[in-house]
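Counting convention: from 1, in listed order, for ligands and their atoms alike.
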Amino acid sequence: MRVALATQAAPGRPNEDFAGATPGAAVLLDGVGTPTGSDSGCAHGVPWYVQALGSTLLAGMNQSEGSLTEVLADGIKAVASMHDFACDLSHPGSPSATVVMLRRTAHAIDWLVLADSVLVLDVIGAAEPMVICDDREAQVGERYRKAMDALAADTVEHVAAHRAYVENLRDHRNRDGGFWVAAVDPLAADQALTGTVPAENVRAAALLSDGASRLVDRFELATWRQALDLLDESGPDELIRRVREAEAGDLDGARWPRGKTFDDATAIYWTFS
Ligand SMILES: [Zn+2]
């Protein structure tokens, strides 16, 4: 097996994505940032949260034989206990993150996806890759994003509309009928999409934050098949380079309206055979 990994923060900001891998497991998180002018009950911040949760999940996947749902629930609980005595974790802006987990056991590959990071499995013999994404946040977001998308990016008005969008979404976070992310409540783990596939059926897997998957699912500059081939031939840093090139060619968001002109972009490419 071989794992390649690349991550790049949006220019001028700390990276709020996390990626890590061991010979038997991989994890990718995309932290939900606090927009300028918004507050959060946590003194540690989003980069701290994704690093704490990501490394806890990686250890859990290697040390526990429980399901990935159990590993995630235990991880959320463990990280909450690292700061619940110091921070206000009931604050709606407390740090949260998307989660993709992948574990290789003797004969199978277990996967888990929570919120809008993407897992792509290159299934042997299948015409199209298997793409797993939890789009509940995007469905809720549809209701609120019109005002933001109509404004040119990098304007004061767009920054304000993005902040309003993020704050509107908070009211739907970890609620029935809304969307679910890793934050403080371990019950969010039960809402993750999960599955197991026989190891011999999978050639490779890609774990992508939405800042990397946007090459395919927002910009439509490649198919999932082409993205896997690119990762295989040129590696995750080339995929991120192409995302940055597209973003730089559409600074005002006229072609591809989006909340963030540049986003943290992270990709793990794991080849099994
Ligand atoms: Zn904190």
Less than 4.0 Å between a side-chain N and a carboxylate O, is that true for Arg214 and Asp210?
no
Which single N/O/S atom of His44 lies at minimum distance from the Zn ion (ligand 1)?
ND1
Could you tell me the angle subtended at the Zn ion (ligand 1) by SG of Cys87 and SG of Cys42, rounded to 10°?
120°
Shortest-distance N, O or S atom of His83 relative to the Zn ion (ligand 1)
ND1
Check whether any side-chain heavy atom of Leu119 lies under 4.5 Å from a side-chain heavy atom of Leu121, and answer yes or no.
yes
Please report the C-alpha distance between Thr196 and Asp110 in whole Å, then the side-chain angles of each, then the deciding distance to 0.1 Å, and finally whether the side chain to side chain donor-acceptor pair (under 3.5 Å) criterion is met.
CA-CA 4 Å; Thr196 296; Asp110 302 326; 3.0 Å; yes
Kindly assign one of parallel, tilted or perpendicular to the pair His172 and Tyr144, based on the angle between their ring planes and the thresholds 30° and 60°.
tilted
